[in-house]
Protein chains: 4
Amino acid sequence: MSDSQSRKERERQRRTEEILEAAEKVFTEKGFHRTTVEDVAVQAEYSVGTLYNFFPSKELLYQSMIEHRFQRLSDQMNALLAEAADPMDFLRRYIQGKIDLCYQHELFVKLYTQERMGDRFADSQLWKDKIEDLYVQFRRLLADNFRRGAAEGRFRRDITPEDMVSALEGLTDGFMYDWLADPNAFEYADKFEVMFELLVHGVGKPS
Amino acid sequence: MSDSQSRKERERQRRTEEILEAAEKVFTEKGFHRTTVEDVAVQAEYSVGTLYNFFPSKELLYQSMIEHRFQRLSDQMNALLAEAADPMDFLRRYIQGKIDLCYQHELFVKLYTQERMGDRFADSQLWKDKIEDLYVQFRRLLADNFRRGAAEGRFRRDITPEDMVSALEGLTDGFMYDWLADPNAFEYADKFEVMFELLVHGVGKPS
Amino acid sequence: MSDSQSRKERERQRRTEEILEAAEKVFTEKGFHRTTVEDVAVQAEYSVGTLYNFFPSKELLYQSMIEHRFQRLSDQMNALLAEAADPMDFLRRYIQGKIDLCYQHELFVKLYTQERMGDRFADSQLWKDKIEDLYVQFRRLLADNFRRGAAEGRFRRDITPEDMVSALEGLTDGFMYDWLADPNAFEYADKFEVMFELLVHGVGKPS
Amino acid sequence: MSDSQSRKERERQRRTEEILEAAEKVFTEKGFHRTTVEDVAVQAEYSVGTLYNFFPSKELLYQSMIEHRFQRLSDQMNALLAEAADPMDFLRRYIQGKIDLCYQHELFVKLYTQERMGDRFADSQLWKDKIEDLYVQFRRLLADNFRRGAAEGRFRRDITPEDMVSALEGLTDGFMYDWLADPNAFEYADKFEVMFELLVHGVGKPS
DNA sequence: CATGAATGAGTCTTCATTCAT
DNA sequence: CATGAATGAAGACTCATTCAT
């Protein structure tokens, strides 16, 4: 009985994820509004009705998809960072991790960026908060690393760790956007050293 | 006759701009899809039909609006930078200019950021190119400044000017996004020194 | 200016009524749920979109249609009763008026009866109240007639005028329903004398 | 074997009635269209599929439910009337029975009234006939009573028994509708004497 | 027979665009 | 050119019915 129950649950879980995968594919390719529920259904190889058995609305499907992928990427990154030897290594791992993630989930990253800016669902502050929380939590991790590094004398003390996080995120995002805007212009992966260098030492000529 | 013609032209130009202003207001507030053509018409105090006498479609109206504002901001920034005394002053002016611009056109900046990421009009590569061109042209200006500064011994020579532009843009955008995401969290204007410092010297402890 | 305004208004009024007529035709024939908005549109020879320019939803169109017809029938009946010479004449006019009305608006009468019973729009108590008010107001008129008649010694005094109204309405409705259920079984119009007799003297053998 | 067969049959009968009870509850509360098959299933504590093992469609389930309850009420009333001592007593019993029935099955009575008016299932004339037959058969019983009463000198002879039935039904229905429309306005049960009086002697002042 | 997930046809509603005045 | 009513294609969502387990 418990076995059969658990099998059903697992089955449902599997289908939920199939739908989320399909949703990610079409939503990231065409955006929320240009994607119809039927597009998702076709991609998922389920009927429209079935989608509605899993998600009560197009909007919630979309949000769930973003949450789902975000959570996974977050977990992946956390696992990577957990093994960092020291603050500098942490930084290298993060930058490299972001590069990898960007290659693997290019379209999702674009979508997420838009979503973070937009007020697509102005009435759904709850959801924005949820997503924002995940991100804030993540930045806290980065800030802690800068704080530790500063204590160890590796980073400056006249700049707050939070500002350093903004710099780190901004800088890596800047290169990322350039790459996303035209992936053929250059290889994002080749920018690893440049990003690290600029973040740590800046553009100024060392005196 | 030529006078009357010109007066007509000027009149038409005036109306075009009125409509573009109205479009900017509603599009930036509600986004492209949640804004109806009638919303724009009401805001512009013209009828729907009249809007179509000036712009052949909602999409082109939207695009024109973005171009229009982008061009103005670009002009404004160019004027500001033209008076720069030297590469470092140029950098300061740019960062401060971006801050000011962000305060004056918060919503537009958000919209533009989304638009740059999104492929809202995947079929309209022409438009994307046009906008991208304006931006590329702008980045060339920034790159030239870094090149000049490097020649003058103010900036590093082991990093390409183009990469420095990415760093500059990314770093300032990073703080900007943080502020746009929650304008009450801090004052963007207060970050001037931090951004400048981080860009020039990085997060690393000077040895 | 005032003329043109008024012409537009009249034009709009005319169209509104056209749509209401069309709505009455299809709604009374097929019922609310089996009628699609397109059915109404086709009948009205307007497009679906145009219907929505006049009425914000199928539900409100339906309700407006009922109100509209009800109001007209009410006016008609009031005009008829206004000329009554005395309470007995009033009674005769009312019964005859109801017969006529039933012949002219058979389907509407059926629909109204259903609607009075049903809670089709449970959330729209407002509307039910509005319709009920019109009817209550009408019953008051009937009650007043019985009161007057009782004072003049034509009607019993041991029964309240309100109960007499219930009897009048019930009795005429009873025959009406029988006729509506199967209009071929007999002629409703032929029942005038019987209804009047039964109402005034009852089924009991006069002693 | 015949026993086991019969047990199975009885079991099936029991379930059928359980489902009909559940159907009555939800259909009378929400109406045919606003009730989903799942609503009935939940109420009946069976699955949707099982419902379809007993009734081939929602429509037939609905019709069966009405027939089922109608038959029971009919039986109940017949039992009551069978014991009538004379035509006048019969009349009293009938009116009182209708009052009681109305209190016990208020919602069903409302539904039945609507159904009798509406052509919900215009294509299912068969069903309408079936229901109508039950009712017609019932009216015949009432007519017979009036006929007998007239022969005994209790009722008028210048009015057909059938018309008296219409009067009886209409009059009692009239008060019933008023009560159903707003059960708090008065007590239907209190109207027994008034209804009887009006039916027998009418509203006119006895001369 | 019992189950309930899957199906997809059917509806209401929106809104960009047109065009007669 | 200005107007705004008319249009109808398109899309989100529902729910009666089926069928594999």
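Letters A, B, ... are given to chains in the order of the sequence lines, protein chains preceding strands, and every chain is numbered from 1.
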Peer 1: For the side chain of Ser47(B), starting at C-beta, report the closest nucleotide among dA2(F), dA6(F), dT11(E).
Peer 2: dA2(F)
Peer 1: Other residues, nucleotides and ligands only: do more than 12 of their heavy atoms fall within 6.0 Å of CD on Glu67(C)?
Peer 2: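 More than 12 within 6.0 Å, yes.
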Peer 1: With the side chain of Lys58(D) defined as its heavy atoms from C-beta on, choose the nearest nucleotide among dA16(F), dC13(F), dT17(E).
Peer 2: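 My answer, after comparing the listed nucleotides, is dA16(F).
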Peer 1: Separation of Leu60(D) atom CG from dA16(F) atom C1', in whole Å?
Peer 2: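 The distance from CG of Leu60(D) to C1' of dA16(F) comes to 13 Å, rounded to the nearest Å.
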Peer 1: For Leu51(B) and dT18(E), give me the distance from atom CG to atom P, rounded to whole Å.
Peer 2: 13 Å
Peer 1: Using whole Å, what does the distance between atom P of nucleotide dT14(F) and atom NE2 of His33(D) come to?
Peer 2: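 Value for this atom pair: 17 Å.
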Peer 1: How do Pro56(D) and Glu45(C) order along DNA chain F: which one's closest nucleotide is nearer the 5' end?
Peer 2: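 Whichever sits nearer the 5' end wins; that is Glu45(C).
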Peer 1: Closest to the Asn53(A) side chain: dA16(E), dT3(E), dA6(E)?
Peer 2: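 The closest nucleotide is dA6(E).
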Peer 1: In this structure, how many angstroms lie between the P atom of dC13(F) and the OH atom of Tyr62(A), rounded?
Peer 2: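 Atom OH in Tyr62(A) sits about 15 Å away from atom P in dC13(F).
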Peer 1: State the pairing partner of dA16(F); accept Watson-Crick or G-U wobble contacts with both distances under 3.5 Å, and report none otherwise.
Peer 2: dT7(E)
Peer 1: Would you say a side-chain N or O of Arg12(A) is under 4.0 Å from OP1 or OP2 of dG4(E)?
Peer 2: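 No.
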Peer 1: Salt bridge (charged side-chain N to carboxylate O under 4.0 Å, His left out) with Glu17(C): which of Arg72(C), Arg10(C), Arg12(C), Arg69(C)?
Peer 2: Arg72(C)
Peer 1: In this structure, how many angstroms lie between the P atom of dA5(F) and the OH atom of Tyr46(C), rounded?
Peer 2: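 For the pair Tyr46(C) OH and dA5(F) P, the rounded distance is 13 Å.
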Peer 1: Between Arg15(A) and dA6(E), is there a side-chain N or O to OP1/OP2 distance below 4.0 Å?
Peer 2: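 Checking dA6(E) against Arg15(A), a side-chain N or O does come within under 4.0 Å of OP1 or OP2.
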Peer 1: Quick one: look up who dT14(E) pairs with, Watson-Crick or G-U, both distances under 3.5 Å, and put none if it's unpaired.
Peer 2: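 Looking at the geometry, dT14(E) pairs with dA9(F).
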Peer 1: Indicate whether OP1 or OP2 belonging to dC1(E) is found under 4.0 Å from a side-chain N or O atom of Thr50(D).
Peer 2: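 For Thr50(D), the contact criterion (side-chain N or O under 4.0 Å from OP1 or OP2 of dC1(E)) is not met.
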Peer 1: Could you check Val37(A) against Val48(D) and say which one's nearest nucleotide on DNA chain F is further toward the 5' end?
Peer 2: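 In this pair, the answer is Val37(A).
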Peer 1: Considering Watson-Crick and G-U wobble pairs with both distances under 3.5 Å, what does dT21(E) pair with?
Peer 2: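 Because both required distances fall under 3.5 Å, dT21(E) counts as paired with dA2(F).
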Peer 1: Whole angstroms only, please: what is the CD1-C1' distance between Ile19(D) and dC1(E)?
Peer 2: 12 Å
Peer 1: Would you say the side-chain atoms of Glu24(B) and Tyr62(B) include a donor-acceptor pair closer than 3.5 Å?
Peer 2: no
Peer 1: What is the distance, to the nearest angstrom, from the CD atom on Gln13(A) to the C1' atom on dA5(E)?
Peer 2: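 Rounded to whole Å, this separation is 16 Å.
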Peer 1: What's the separation between atom OG1 in Thr36(D) and atom NZ in Lys30(D), rounded to the nearest 0.5 Å?
Peer 2: 6.0 Å
Peer 1: Which is more 5' along DNA chain E, the nucleotide nearest Phe54(A) or the one nearest Gly49(B)? Just name the residue.
Peer 2: Phe54(A)
Peer 1: Determine the sole option in Phe32(C), Tyr112(C), Phe108(C) for which the ring pair (Phe, Tyr, Trp, His ring centres under 6.0 Å) test with Phe27(C) is passed.
Peer 2: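 The ring pair (Phe, Tyr, Trp, His ring centres under 6.0 Å) with Phe27(C) is passed solely by Phe32(C) among Phe32(C), Tyr112(C), Phe108(C).
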Peer 1: Quick check on Glu132(A): does its CD atom have over 12 non-hydrogen neighbours (other residues, nucleotides or ligands) under 6.0 Å away?
Peer 2: yes
Peer 1: Expressed in angstrom and rounded to an integer, what is the separation of Phe55(A) atom CZ from dA5(E) atom C1'?
Peer 2: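 Checked: the CZ to C1' distance equals 15 Å.
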Peer 1: To the side chain of Tyr52(B), which of dT17(E), dT11(E), dT17(F) is closest?
Peer 2: dT17(E)
